[in-house]
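Step one of this worksheet: look at the structure below.
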Amino acid sequence: MTLAELKSAVGAFGMPAFTGKQLAEWLYGKRVGSIDEMTNISKQNRQRLDEELEVGLMPPIDCQRSKDGTIKYLFPVSCDSVATSHQGLFVETVFIPDHDRATLCVSCQVGCKMNCLFCQTGKQGWQGNLTPADILNQILALPEREQLTNIVFMGQGEPMDNLDAVLQATEVLTADWGLAWSPRRITVSSVGVRGKLKRFLDESECHVAISMHSPLHEQRQQLMPAEKAMPLQETIGLLRQYDFTHQRRCSFEYICFGGLNDTPTYGREIVRLLEGLECRVNLIRFHEIPNVSLPASDEKRMESLRDYLTAHGVFTTIRASRGQDIFAACGLLSTARQAR
């Protein structure tokens, strides 16, 4: 709940509005696990709150540890848009420690509607939207939560397809009454959902990352069916209306496929598309998924593309691949097997 919702809830129980502020401090400041621990609220009011509300923290039910230190957690979720016949829904969340940084890759949906060719999540179909509580639980119930420096909405699902919940979760994360994180510690990804992306850019100050993967309309449509209704060219046109010259960052995610999108021709087209837009490109290694015959690019090709883009004014990095041995790397998250 937001602070406004907490105040409204306690008001309905005949309690003063400041009790809502106390709840926010206990939940998000002190991060308690039960209402009984909220000792500056009267015992009578705590009893009433305990009857009507719950903190709702749910620990992960399973985890896998990679040899590189990455940990993939399996969290139970409730969802707010699933058929009642669905039981036992889960999402995967990935904790990525890296020297003085620790990033959490959170999920926002069970499955995904976008069905990108190279992504395992889309292969399980869409089963529901996570609630703000489901999203925040991945952070607040994480065993390593105190180590976190960054959060990326790059797990299961398309964040703009569940925008209300994502905005509420990021509000709790960044508000003074919440976790008080800087929005610059949070990156939200998208394929570029029309209408929803604009609303996100208007209502949030978090970084944005756009899944590009090809600068060519027809090829991107083959890789990402969403391109048909949400062309990359339109998305870039929208981004040009916003200021990314200061702290807020715009980036493009680009999985490299050997001989398909990693040649100089693609480098030139990316430079043409992004000319004048303050942004960066992250090149990502492709990790093979079942029944998809896309080839992975080799290191030399990726370095050549990176060097070309950087030399032509597009700051570009090659993202380190993490957690591949536990299927926690980019594009590999799927909970269909665990749910069964």
Side-chain angles (χ1 to χ4, degrees), residues 94 96 98 101 103-106 108 114 116 118-119 149-155 157-160 163 166 170 173-174 181-193 196-198 200-215 220 223-224 226-227 230-257 261-262 266-267 269-286 297 302-303 305-322 329-331:
V94 183
I96 311 165
D98 185 18
R101 289 169 59 93
T103 300
L104 189 68
C105 181
V106 302
C108 62
M114 300 302 141
C116 297
F118 47 81
C119 180
T149 61
N150 298 84
I151 291 172
V152 294
F153 282 75
M154 297 181 182
E158 161 59 51
M160 302 303 145
L163 184 55
V166 168
T170 55
L173 288 169
T174 58
W181 275 40
S182 165
R184 310 307 182 221
R185 296 169 64 182
I186 303 169
T187 300
V188 180
S189 69
S190 178
V191 301
V193 179
K196 299 290 187 68
L197 178 59
K198 183 180 189 311
F200 169 78
L201 292 168
D202 289 339
E203 297 183 23
S204 171
E205 296 181 6
C206 297
H207 298 313
V208 62
I210 301 299
S211 299
M212 178 188 285
H213 310 307
S214 174
R220 189 172 187 256
L223 294 170
M224 306 169 64
E227 167 72 8
M230 299 165 267
L232 179 63
Q233 191 112 14
E234 285 188 15
T235 298
I236 293 173
L238 172 65
L239 293 168
R240 291 187 185 280
Q241 301 173 28
Y242 295 83
D243 184 4
F244 296 104
T245 60
H246 299 290
Q247 288 185 315
R248 192 181 197 185
R249 189 170 64 239
C250 171
S251 59
F252 290 86
E253 309 298 294
Y254 195 92
I255 295 177
C256 291
F257 305 107
N261 69 347
D262 60 353
Y266 288 88
E269 191 62 22
I270 292 170
V271 170
R272 186 191 68 79
L273 267 178
L274 301 182
E275 184 179 5
L277 178 64
E278 186 69 28
C279 63
R280 66 176 62 190
V281 172
N282 296 316
L283 302 182
I284 303 169
R285 294 169 181 82
F286 173 62
S297 185
M302 292 183 70
E303 289 175 357
L305 181 58
R306 175 199 61 194
D307 295 345
Y308 178 89
L309 292 173
T310 299
H312 288 79
V314 180
F315 179 68
T316 303
T317 60
I318 297 175
R319 183 188 293 169
S321 183
R322 301 291 301 274
C330 181

- Short question: side chain of S189, backbone of F153 - any donor-acceptor pair under 3.5 Å?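 Yes; judged by distance alone, with no hydrogens or angles, the pair exists.
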- Check: Y254 side chain, N261 main-chain N or O, donor-acceptor pair, under 3.5 Å: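 Answer holds: yes.
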In Å and rounded to the nearest 0.5 Å, what is the [atom1] to [atom2] distance from [X] to [Y]?
| X | Y | atom1 | atom2 | answer |
| --- | --- | --- | --- | --- |
| I284 | N282 | CD1 | CG | 6.5 Å |
| E203 | T170 | CD | OG1 | 9.5 Å |
| N150 | I186 | CG | CD1 | 9.0 Å |
| L201 | D243 | CG | CG | 12.0 Å |
| H246 | E278 | NE2 | CD | 10.0 Å |
| L305 | Y266 | CG | OH | 11.5 Å |

Check whether any side-chain heavy atom of [X] lies under 4.5 Å from a side-chain heavy atom of [Y], and answer yes or no.
| X | Y | answer |
| --- | --- | --- |
| S204 | V188 | no |
| L274 | V281 | yes |
| S190 | E158 | yes |
| F252 | H213 | no |
| V208 | L197 | yes |
| I151 | V106 | yes |
| F244 | C279 | no |
| Y242 | D202 | yes |

- Item | Full working for side-chain contact (heavy atoms from CB on, under 4.5 Å) between E205 and T174 | CA-CA 10 Å; E205 296 181 6; T174 58; over 6 Å; no
Residue pair [X] / [Y]: nearest heavy atoms and the distance that separates them:
| X | Y | result |
| --- | --- | --- |
| S211 | R220 | O-NH2, 2.5 Å |
| L238 | K198 | CD2-N, 3.8 Å |
| P159 | V166 | O-CG2, 3.7 Å |
| I255 | F286 | CG2-CB, 3.6 Å |
| R248 | C206 | NE-O, 2.8 Å |
| L277 | R240 | N-NH1, 3.6 Å |

- Could you go through the side-chain contact (heavy atoms from CB on, under 4.5 Å) check for T316 and Y308 one step at a time? CA-CA 9 Å; T316 303; Y308 178 89; over 6 Å; no
- Message: Assess the residue pair L232 and E227 against the criterion (side-chain contact (heavy atoms from CB on, under 4.5 Å)); give the C-alpha distance rounded to whole Å, side-chain angles, the decisive distance to 0.1 Å, and a yes or no.
- Response: CA-CA 7 Å; L232 179 63; E227 167 72 8; 3.7 Å; yes
[atom1] ([X]) with more than 12 external heavy atoms under 6.0 Å:
| X | atom1 | result |
| --- | --- | --- |
| R184 | CZ | yes |
| Q233 | CD | no |
| Q241 | CD | yes |
| E269 | CD | yes |
| E303 | CD | yes |

- Item | Verdict with supporting geometry, V191 and T235, side-chain contact (heavy atoms from CB on, under 4.5 Å) | CA-CA 9 Å; V191 301; T235 298; over 6 Å; no
